Amino acid sequence: GFDAVLAATRAALVGASRRADQTNHAESGPYAERDGRLWFMRRVGTRYGEEAIPEQLTNFTAQIVKETSLDDGVEPQRLLTLRVTLDNGTDLGEHDVPAAQFGSGRTWLVQHFGSDAVILGNPNAVAHTCAAVALLSPAKELVHAFAHLGFREVVDASGQLRLVYLHADGAIGGEGVTVFVDAALSHYGLPSGTEDVRGAVLVSMRLLDVAVDRVSVPLFCSTYLPPLRHWVPIEFATWCWGPTGVFKTAVASVCQSHYGDFEGHPLPGSWLSTPASLEHLLSRAKDALATIDDFVPRSTHELDETRRKGSQVMRSIGNNAARGRMRQDLTARPDRPPRAFVIVTGEDVLSGESATARTFGVRFEKGFVNLSVLTELQHDARRLPHAMRGYIEYLISIDTWLKTNAKARVTKLRAEFAGNNLHARQPDACARLMFAAEVFARFATSVGALDEAGAAVFFAVSYLIAKRLQATARNA
């Protein structure tokens with residue numbers, strides 16, 4: 001009869017309502033997502049028992065679609081990828097928010113998604129909104145990513161440790177390795193595979209002809225030295241100096257282009273940057289070349305400031321240490337010592353024996369640079385990362401030999417460069433540059449760019465130039 005029809009109708013309506021809730025609503029703890037908005041379900045007691053009173057938090061919904069654990073080898077961090085949709089259906093897209101900033105909801109909301117997305121002015125609305133977003137994002141993707149360059153041992157699919165070299169576009173020597181670097185390192189991308197590695201190495205060796213030997217040889221060795229830092233410590237920088245207009249930056253840019261797409265882009269570092277910014281760069285550009293350009297103080301104030309900054313950076317490199325810092329809770333932050341190898345360009349040099357001893361000086365003068373070779377190298381700059389990738393693959397293949405022999409070989413070379421009237425660090429710099437020349441000669445031979453005789457001549461000439469530069473430094 002009528003009562004049965006009424007009961008069936010009510011059951012159908014309840015079922016439809018529940019299906020709509022499942023489709024359009026989501027709840028977790030005291031929070032709910034309804035009508036394209038986030039709500040706080042405040043529990044209040046009434047004469048009939050406890051009841052949930054909805055309080056609107058936002059005019060949008062947000063989900064954490066990905067949580068990335070960033071490993072920079074110093075201090076782990078997390079990055080949250082959020083997607084925001086307004087209650088009118090407008091998709092505001094996805095943006096990355098550091099987990100440390102997630103609690104300051106209004107800040108990242110306006111910065112990344114604009115002023116249309118609003119957290120309402122309820123008491124504790126920001127805290128409730130962040131909690132709601134976290135609780136209502138159960139299906140987020142979890143990712144582990146490396147946030148630095150250079151060599152790192154990772155566990156492969158079979159559970160074995162593998163040595164890989166991280167760069168902005170992935171990893172050499174391993175599959176399935178995620179790299180997430182900031183904008184300062186975004187140009188450090190190496191090719192996914194080598195293309196005519198022998199030809200690329202021959203192009204790279206044209207760097208030896210770009211200037212007179214006392215300029216080109218130490219810069220060539222400085223280009224191939226950084227990845228060797230994984231096996232031997234490097235505690236000096238190559239300092240290119242001379243008057244304006246002698247193509248210091250142009251030649252240094254060719255060196256830097258071995259590590260990625262830097263042609264037409266600013267060099268990684270500048271002396272106009274803050275000390276903290278340079279420290280961050282040199283820590284994360286591990287086992288790579290980082291050129292700091294334009295050491296050119298233009299006033300008395302700039303002279304003092306730039307020299308102070310330069311001395312601080314060189315001391316950090318020479319001592320393999322960074323300035324200690326505290327968190328807001330007065331606990332110590334982890335140190336970020338330099339892990340890159342640095343080439344500096346400028347019109348001036350540092351004063352003080354201790355600071356200059358941490359540098360290997362390369363003086364540019366008018367007429368030193370062969371402009372036709374420089375132009376050729378700039379034109380072929382895209383080939384240079386292929387040479388570097390091949391070199392890094394070679395280093396990975398001789399990892400066991402390097403672990404066994406690298407430090408002993410550097411010690412032997414250092415003894416050969418030791419002498420009177422030299423700061424103790426100078427023979428050390430020469431030894432490391434010559435070790436890079438020796439390893440490069442082995443690599444070039446392995447890919448057919450040099451034969452055994454050519455490799456011997458290359459190393460002998462490099463050694464002779466280093467000895468001459470050492471004598472110049474002694475008599476300066």
Side-chain angles (χ1 to χ4, degrees), residues 184-185 187-188 207-208 210-226 234 236-275 277-279 281-282 285 288-299 302-303 305-318 338 340-351 355-371 373-375 377-378 381 384 429 433 469 472-473:
L185 302 178
H187 294 295
Y188 280 90
L207 184 58
L208 293 165
V210 79
V212 295
D213 288 346
R214 59 188 176 187
V215 168
S216 64
V217 169
L219 284 177
F220 186 83
C221 296
S222 296
T223 300
Y224 283 92
L225 176 60
I234 302 172
F236 73 99
T238 296
W239 194 287
C240 302
W241 63 287
T244 185
V246 293
F247 303 98
K248 303 180 297 294
T249 297
V251 174
S253 182
V254 171
C255 299
Q256 188 67 59
S257 291
H258 284 73
Y259 289 84
D261 180 17
F262 290 94
E263 195 60 35
H265 298 289
L267 289 167
S270 167
W271 290 107
L272 298 176
S273 301
T274 64
S277 175
L278 290 174
E279 180 182 291
L281 168 68
L282 300 186
L289 180 62
T291 305
I292 308 178
D293 192 30
D294 207 24
F295 188 84
V296 188
R298 291 179 171 83
S299 67
E302 280 192 17
L303 178 64
E305 172 65 18
T306 305
R307 283 186 171 173
R308 181 192 64 78
K309 194 185 303 181
S311 295
Q312 178 181 316
V313 170
M314 289 306 112
R315 281 196 302 272
S316 294
I317 291 172
F341 180 73
V342 174
I343 288 180
V344 175
T345 71
E347 296 178 17
D348 199 0
V349 293
L350 291 174
S351 58
T356 55
R358 292 170 169 84
T359 64
F360 188 92
V362 178
R363 178 166 174 77
F364 280 67
E365 295 181 12
K366 294 283 188 182
F368 273 18
V369 173
N370 185 322
L371 295 183
V373 175
L374 177 60
T375 301
L377 282 165
Q378 291 170 334
L384 301 177
L433 288 172
L469 288 169
T472 301

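All values reported here derive from a predicted model rather than from experimental measurement.
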**Item:** Heavy-atom side-chain contact between Thr359 and Met314 under 4.5 Å
**Value:** yes

**Request:** Would you check if the side chain of Lys309 reaches a backbone N or O of Trp271 as a donor-acceptor pair within less than 3.5 Å?
**Result:** yes

**Request:** Compare all side-chain heavy atoms of Pro226 with those of Tyr259 and state whether any distance is below 4.5 angstrom.
**Result:** yes

**Message:** Rounded at 0.5 Å granularity, tell me how far CD1 in Ile317 sits from CD1 in Ile234.
**Reply:** 10.5 Å

**Asked** How close do Glu347 and Lys248 get, heavy atom to heavy atom, and via which atoms?
**Response** CG-NZ, 4.2 Å

Would you give me the side-chain donor-acceptor pairs under 3.5 Å for residues 239-246, sequence neighbours excluded?
from	atom 1	to	atom 2	distance (Å)
Trp239	NE1	Asp348	O	2.9

**Request:** State the CG-CZ distance between Leu272 and Phe295, to the nearest 0.5 angstrom.
**Result:** 11.5 Å

**Request:** Take Tyr224 and His258 through the ring pair (Phe, Tyr, Trp, His ring centres under 6.0 Å) test and state the conclusion after the steps.
**Result:** CA-CA 9 Å; Tyr224 283 92; His258 284 73; 5.6 Å; yes

**Fill in**
Tyr188 meets the ring-ring contact (aromatic ring centres under 6.0 Å, His included) criterion, sequence neighbours left out, with Phe262

**Request:** Mind listing the closest non-hydrogen atom pair of Ile343 and Cys255 along with its distance?
**Result:** CD1-CB, 4.3 Å

**Request:** For Glu365, enumerate each residue passing the side chain to side chain donor-acceptor pair (under 3.5 Å) test, keeping only those at least two apart in sequence or located in another chain.
**Result:** Arg363

**Message:** If the test is side-chain contact (heavy atoms from CB on, under 4.5 Å), which one of Leu374, Val254, Asn370 qualifies with Phe247?
**Reply:** Leu374

**Request:** Of all the heavy-atom pairs spanning Ala211 and Ser216, show the shortest one and how long it is.
**Result:** O-OG, 3.4 Å

**Request:** List in chain and number order the residues that pass side chain to side chain donor-acceptor pair (under 3.5 Å) with Thr345, two or more places apart in sequence or in another chain; answer none if no residue qualifies.
**Result:** Asp293

**Request:** Would you give the length of the straight line joining atom CZ of Phe220 to atom CG of Asp213, rounded to the nearest 0.5 angstrom?
**Result:** 12.5 Å

**Message:** With heavy-atom distances below 4.5 Å as the criterion, would you say the side chains of Glu263 and Ser253 are in contact?
**Reply:** yes

**Item:** Shortest non-hydrogen contact from Ala285 toward Ala340
**Value:** O-CB, 3.0 Å

**Item:** Rounded distance (nearest 0.5 Å) linking atom CG of Leu225 with atom CZ of Phe341
**Value:** 5.0 Å

**Asked** Step by step, would you call Leu282 with Val313 a side chain to side chain contact (heavy atoms under 4.5 Å, CB included)?
**Response** CA-CA 9 Å; Leu282 300 186; Val313 170; 3.9 Å; yes

**Asked** Hey, does the side chain of Ser273 reach the backbone of Ser270 with a donor-acceptor pair shorter than 3.5 angstrom?
**Response** yes

**Request:** Could you grab the distance from atom CG of Asp294 to atom CG of Leu267, nearest 0.5 Å is fine?
**Result:** 10.0 Å

**Message:** Looking at every heavy atom in both Gln312 and Pro275, which two are closest together, and how far apart are they?
**Reply:** NE2-CB, 3.4 Å

**Item:** CG on Leu219 to CG on Leu433, rounded to 0.5 Å
**Value:** 9.5 Å

**Request:** Check side chain to side chain donor-acceptor pair (under 3.5 Å) between Thr223 and all other residues, then give those that pass, not counting sequence neighbours.
**Result:** none

**Message:** When you measure from the side chain of Ser222 to the backbone of Pro218, do you find a donor-acceptor pair of N or O atoms at a distance under 3.5 Å?
**Reply:** yes

**Asked** Which residues pass the side chain to side chain donor-acceptor pair (under 3.5 Å) test with Thr291, sequence neighbours left out?
**Response** Gln256

